[in-house]
Amino acid sequence: MNHREKLKAKKRVVIKIGSSSLTHPETGGQDLIKLEKLVRELTDLKNRGMDVTLVSSGAIAVGKKAVHISGSTKSLTEEGIAVKQACAAIGQARLMMTYQKLFAEYNQITAQILMTKKTVLDPLSRRNTHNTFTELFKLGVIPVVNENDTVATYEIDNLGVFGDNDTLSAIVTALVDADLLILLSDIDGLYTDDPRDNPDARFIPQVDELTDDLFHMGKSTTGSSVGTGGMSTKLNAAKIATSAGADMVIANGHDVEVIHRIIDGEEIGTLFSAHRDENFYMADYLSD
Ligand code: GLU
């Protein structure tokens, strides 16, 4: 059986979608058609019998839009951070309102889980979070996860902050013992170089080993002005997820229907194969 076929047997999946996939680039408003399709895809996976978790960005982008703030919020001045955190507080609630409403159409219960790096570095809160996820799966709920941007501390070198939801989604994959992570991005997968700059860049459909060469190839840019996380954060996410024993697929989130097509075994995006490290220890992958 080829590796893609094996994805059909997955039982517990984490799906990550970025801000740029959830908002309209021209206006910053929520892309409701895409959100609606996403929710339908996730509920369908759940109906197939899988445990499903969504890691959704978008809090800051949606909050900015709500209070009419435009431009970058990447500034690390104290004021810049406060603006970003206030936008996250506004936007997270709005985003959940949209998810609740859309999931309700299918009678699907959802829940919100907000985490920081400290949540997983502290053994007790890590266990509590793990237990909460386990209980939510038993109850048939689809949790929606984001970084708790309003309490995370950005001041000193992003202390205590995942900073990007690629890393967060890989940590969640490890935390809930998922067997598949799908990262929906604004690119099709991994290339030998940035395809936007280099027309000779070749697409890599499958990665069986994460070599240093691959890490050198990953560049820290997505070309998108919303959200964070370039190819290097995706490769780090791949390192965490595959070491924790999960396969990972990076695919273009332009059409969210790729989710069920990937699980049906279609050759979409780049597949990173699992290499469980028996000594996997989450904190090793998170500098504090
Ligand atoms: N947690 C941030 C948000 O919801 C996004 C981080 C990211 O884009 O990776 O706005």
Side-chain angles (χ1 to χ4, degrees), residues 1-18 21 34 37-56 106 108 133-134 137-138 140 142-143 145 165-166 169-192 195 201-211 213-215 217-218 231 234-278 280:
M1 198 196 286
N2 88 21
H3 202 136
R4 290 288 182 161
E5 288 285 312
K6 289 190 192 152
L7 301 191
K8 289 181 181 168
K10 297 293 181 187
K11 297 267 177 278
R12 184 168 284 179
V13 61
V14 175
I15 288 150
K16 182 257 169 177
I17 189 144
S21 303
K34 199 182 273 182
K37 283 189 185 155
L38 172 67
V39 163
R40 191 175 59 197
E41 286 283 318
L42 300 178
T43 310
D44 188 64
L45 295 186
K46 164 71 202 343
N47 290 352
R48 293 179 186 210
M50 299 177 84
D51 293 329
V52 183
T53 299
L54 174 66
V55 175
S56 173
Y106 300 101
Q108 172 61 51
F133 272 109
T134 307
F137 294 140
K138 277 193 209 151
I142 298 182
V145 185
N165 279 3
D166 296 329
S169 62
I171 288 292
V172 169
T173 301
L175 188 72
V176 305
D177 296 320
D179 45 15
L180 178 65
L181 167 62
I182 300 178
L183 286 187
L184 295 176
S185 170
D186 48 9
I187 43 161
D188 296 338
L190 185 64
Y191 285 85
T192 53
R202 275 178 301 108
F203 186 70
I204 305 174
Q206 186 160 337
V207 174
D208 290 320
E209 204 191 333
L210 281 159
T211 58
D213 283 355
L214 277 180
F215 278 93
M217 261 156 46
M231 196 39 83
K234 289 178 177 54
L235 290 172
N236 280 326
K239 182 88 202 138
I240 299 171
T242 58
S243 306
D247 287 325
M248 179 179 120
V249 176
I250 301 178
N252 200 321
H254 175 69
D255 176 6
V256 290
E257 290 183 2
V258 294
I259 296 173
H260 78 261
R261 293 172 52 206
I262 289 168
I263 288 169
D264 285 341
E266 279 190 47
E267 294 271 347
I268 295 169
T270 301
L271 168 66
F272 296 80
S273 5
H275 280 285
R276 184 186 290 280
D277 171 357
E278 293 309 327
F280 179 82

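As the structure is a prediction and not an experimental result, all values here were calculated from the model.
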Q: Applying side chain to side chain contact (heavy atoms under 4.5 Å, CB included), run through Ile250 and Phe272 and close with a yes or a no.
A: CA-CA 8 Å; Ile250 301 178; Phe272 296 80; 3.6 Å; yes
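- Pairing each heavy atom of Glu5 with each of Asn2, the nearest pair is N-OD1, 2.9 Å.
- Applying the salt bridge (charged side-chain N to carboxylate O under 4.0 Å, His left out) test to every pair with at least one member in residues 237-255, sequence neighbours left out, gives these pairs: Lys10-Asp247.
- Side chain of Arg12 to backbone of Val176: a donor-acceptor contact under 3.5 angstrom is found.
- The distance from the OG1 atom of Thr192 to the CZ atom of Arg202 is 5.0 Å, given to the nearest 0.5 Å.
- Inter-residue side-chain proximity for Thr53 and Ile142 is flagged as unmet; no heavy-atom pair is nearer than 4.5 Å.
- One distance of note links CG of Leu184 with CD1 of Ile259; it measures 5.0 Å at 0.5 Å rounding.
- Between Lys11 and Asp177 there is no salt bridge, since none of the side-chain N atoms of the basic residue sits less than 4.0 Å from a carboxylate O of the acidic one.
- Each of Lys8, Arg48, Lys6, Arg4 was checked for a salt bridge (charged side-chain N to carboxylate O under 4.0 Å, His left out) with Asp264, and the lone residue meeting it is Arg48.
- A pairwise comparison of heavy atoms in Val52 and Phe137 identifies O-CE2, 3.8 Å as the closest pair.
- Inter-residue side-chain proximity for Asp179 and Val13 is flagged as unmet; no heavy-atom pair is nearer than 4.5 Å.
- The neighbour count for His254 NE2, taken as heavy atoms of other residues, nucleotides or ligands under 6.0 Å away, does not exceed 12.
- A donor-acceptor pair is defined here as one N or O able to donate and one able to accept, closer than 3.5 Å; no such pair exists between the side chain of Ser21 and the backbone of Ile17.
- Note: Arg261 CZ to Leu7 CG = 13.5 Å, rounded to the nearest 0.5 Å.
- To the nearest 0.5 Å, atoms OH (Tyr191) and CD1 (Ile204) are separated by 10.5 Å.
- No donor-acceptor pair under 3.5 Å is formed between the side chain of Gln206 and the backbone N or O of Thr270.
- A salt bridge links Lys16 to Asp166: one of the charged nitrogens lies within less than 4.0 Å of a carboxylate oxygen.
- Crowding of Lys34 atom NZ: a count of heavy atoms from other residues, nucleotides or ligands under 6.0 Å exceeding 12.
- One finds the OG atom of Ser185 at 7.0 Å from the CG atom of Asn252 (value rounded to the nearest 0.5 Å).
- Proximity of Val145 to Leu54: side-chain heavy atoms (C-beta onward) are nowhere separated by under 4.5 Å.
- Within the model, atoms CG of Leu45 and OG1 of Thr43 stand 8.5 Å from one another, a figure rounded to the nearest 0.5 Å.
- Here Glu257 pairs with Arg40 in a salt bridge; the nearest charged N to carboxylate O distance falls below 4.0 Å.
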